[in-house]
Each structure stands twice: as C-alpha cells, then as structure tokens.
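Worksheet: the structure to be examined is printed underneath.
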Amino acid sequence: MGRSPCCEKAHTNKGAWTKEEDERLIAHIRAHGEGCWRSLPKAAGLLRCGKSCRLRWINYLRPDLKRGNFSDEEDELIIKLHSLLGNKWSLIAGRLPGRTDNEIKNHWNTHIRRKLLNRGVDPATHRSIAGALFGAKEPEKAPMKPLCPDVNLDLCISLPFQEQQKKKSPAEESMSQREDWKCGGQFLSLDCGALIRSLEMK
DNA sequence: AATCCTTCCAACCGCGATTCG
DNA sequence: GCGAATCGCGGTTGGAAGGAT
C-alpha cells in the first residue's frame, strides 16, 4: 500500500515539550499554517509525531487561547451544555471562545463535578442525587421533564442535505454550528447553534 | 525539615470515523 | 471497493506543585 507510517516511533520524543520545541512549532505554523500534521514534525525539524504536535498546538500554543481561571458564567454555560450534549467536549469547547476541549474536560473533572455534587446534583445525569439515594423510582411512562424548560429541544429529522450544500473547506466546516448525526441510515439534523443560542439568551 | 497526601493539568493512549492510494 | 494511514475525540495517566501532618 502507498502510505508511509505516521511517525518513526523510535526517533520521536515524548513527554513534556521544551521551550525550543514550542518555538519551532510556533514558527513553522506561523510560516506555513497548520496544514498536514503528519508531515509537519519533519518540516519543522521536530522529533515528535504529528499527533503530539497537533495536541500541543491546539491545547497550549494557539494564540487565541484564553487560559486562566474559568468565570462563573463559563462554569454555568459548561454545565448547561453538558446537560444537553453529554461528554462532547469538542462541541462544548466550540461554544466557549479561547477554551479547548481538553481544558474544559479537565475543568469539568476537577471543579465542576465537585460543584454539582455539593449541590446534590449527579454530574452524569444532571438530576438530583437525593431521589436516587432514597430509592425514588423514575415514573416509567411519565414524560421526562426537560432539564432546561425554556430551551427548545425539538430535533428536526430530515434526509441528508449535504449534497445540496456547497462543499465547505475544513475550516468552514468546523465553524459550522450544524451537526448531522447518522441515525439508522437517516440523518438527525440538529441545529446546535439555535439550540445553544437560546441557552445563552437566558 | 521531611514525608505523605491531594490537586491539577499537560500529555499520552486507544478507538471510531474519515481520507487516501 | 478494499485496506492502511491519518485525523480527531474522549478517557486516562504521570508527575509537578502545594498543602497537611
């Protein structure tokens, strides 16, 4: 087959990045853009695999990263988004400018989980822990109460529409708020943008 | 001052989806 | 159309830093 391996594992560094490696990576991406991660380490003169370079850039070196502590507003937004999307950290990160999925995931595991537990809320289900502790049964057929009653959670199911759309560049694609989920051969078309905007208007 | 414990986060690992030859 | 390489994501881990004893 035609492809070469992604990296020569025997000649790649692992572990913490040095300042020099950071500088090389930044300089290369400034000059050439992100491009192909596989070929980047060699082109940049780095003894790292492309995967490691990508992670380092996205999570630490990108100039648009906010860093620093999360505000209460960000915490609440993360909680709301998590109640809707679950552990879809990349989707959640897409709604928090300057934050990465890894950063949000870490923040969730170290701070927000504890915060919710202190409130008596199960961080996995976003439901009261008290009910579960005292054996309260979920009404089997009762309609689920929406977690955020003022949010429109209607999903629209439609046939694939991608063919109708003009081909987007990867960058445009990542900017798009519309998520298309395959569902038993059909597509679940979920307008995340509208959903989340309605959350933020609260 | 030394040791142990806890917290935090950068980085790694493995897997599914996508792309490419 | 097939299989391998690559990408991107979520889960997990290792170790540095700070606090407690």
Side-chain angles (χ1 to χ4, degrees), chain A residues 1-26 28-29 32-44 46-71 74-75 78-79 81-96 98-118 123-125 160 162-163 165 167-190 192:
Chain A
M1 292 295 293
R3 288 197 172 194
S4 53
C6 95
C7 56
E8 292 175 48
K9 290 193 193 276
H11 301 101
T12 51
N13 291 341
K14 286 176 84 170
W17 279 64
T18 65
K19 205 177 168 209
E20 192 192 344
E21 285 178 312
D22 281 349
E23 284 165 1
R24 275 177 186 268
L25 182 57
I26 291 168
H28 185 270
I29 290 177
H32 304 98
E34 290 182 19
C36 172
W37 291 113
R38 179 186 146 237
S39 57
L40 186 147
K42 199 177 176 185
L46 288 163
L47 293 173
R48 292 275 179 174
C49 75
K51 201 172 181 174
S52 179
C53 293
R54 178 186 158 271
L55 211 63
R56 183 64 178 171
W57 174 254
I58 288 174
N59 287 334
Y60 200 80
L61 298 175
R62 252 168 47 197
D64 59 325
L65 292 181
K66 201 187 272 183
R67 314 206 59 82
N69 293 338
F70 281 72
S71 66
E74 284 177 309
D75 277 3
I78 291 168
I79 291 166
L81 290 169
H82 186 272
S83 73
L84 291 166
L85 302 168
N87 294 358
K88 300 287 176 192
W89 305 116
S90 59
L91 282 179
I92 295 172
R95 301 304 302 172
L96 283 127
R99 301 294 188 187
T100 70
D101 54 356
N102 204 35
E103 198 178 8
I104 292 170
K105 182 171 60 184
N106 281 335
H107 186 63
W108 174 270
N109 288 327
T110 56
H111 292 97
I112 301 181
R113 271 172 57 88
R114 202 177 307 149
K115 197 169 171 177
L116 289 177
L117 287 169
N118 285 341
T125 61
Q162 283 167 321
E163 292 88 337
Q165 294 182 316
K167 181 76 183 168
K168 288 179 181 173
S169 71
E172 286 171 317
E173 201 66 52
S174 69
M175 290 297 288
S176 169
Q177 293 304 317
R178 184 176 283 274
E179 299 294 323
D180 295 318
W181 293 351
K182 268 186 192 167
C183 182
Q186 298 282 342
F187 277 74
L188 252 183
S189 181
L190 166 61
C192 266

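Quick caveat: nothing in here was measured; it's all calculated off a predicted structure. Naming convention: chains lettered A, B, ... in sequence-line order (proteins, then strands); numbering from 1 in each chain.
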- Report the residues that fulfil salt bridge (charged side-chain N to carboxylate O under 4.0 Å, His left out) with Arg24(A), sequence neighbours left out, ordered by chain and then residue number. Glu20(A)
- What pairs with Arg62(A) under side-chain hydrogen bond (donor to acceptor under 3.5 Å, both in side chains), at least two apart in sequence or on another chain? Asp64(A)
- Apply side-chain hydrogen bond (donor to acceptor under 3.5 Å, both in side chains) to Lys14(A) and list each qualifying residue two or more places apart in sequence or on a separate chain. none
Please tabulate, one pair per line, each protein N/O and nucleotide N/O from nucleotides 16-18 of chain C that are separated by under 3.5 Å, including the distance.
none

- Task: Using the test side-chain hydrogen bond (donor to acceptor under 3.5 Å, both in side chains), find all partners of Trp57(A) that sit at least two apart in sequence or belong to another chain.
- Result: Glu34(A)
- Item | ring-ring contact (aromatic ring centres under 6.0 Å, His included) partners for Trp108(A), two or more places apart | His82(A), Trp89(A), His126(A)
- Tell me whether the OP1 or OP2 atom of dG8(C) has a side-chain N or O from Trp37(A) closer than 4.0 Å. yes
- Item | Below 4.0 Å: OP1/OP2 of dG11(C) and any side-chain N or O of Trp89(A) | yes
- Rounded to 10°, the helix from dA2(B)-dT21(C) to dG21(B)-dC2(C) deviates from straight, judged by its five-pair end axes, by 20°
- Message: Please encode protein proximity along nucleotides 4-14 of chain B as a string of B, S and -, counting only heavy-atom distances under 4.0 Å.
- Response: ----SBBBBSB
- Item | Interatomic distance, Ile58(A) CD1 vs dC9(C) P [rounded to whole Å] | 7 Å
- Report the residues that fulfil salt bridge (charged side-chain N to carboxylate O under 4.0 Å, His left out) with Glu21(A), sequence neighbours left out, ordered by chain and then residue number. Arg48(A)
- Could you pull out all residues at least two apart from Lys115(A) that satisfy salt bridge (charged side-chain N to carboxylate O under 4.0 Å, His left out)? Asp75(A)
- Rounded to whole Å, the CD-C1' distance (Glu34(A) to dC7(C)) equals 12 Å
- Item | Set of residues satisfying ring-ring contact (aromatic ring centres under 6.0 Å, His included) with respect to His28(A), sequence neighbours excluded | His32(A)
- Task: Could you pull out all residues at least two apart from Tyr60(A) that satisfy ring-ring contact (aromatic ring centres under 6.0 Å, His included)?
- Result: none
- Under 3.5 Å donor-acceptor, Arg95(A) side chain and Leu91(A) backbone: no
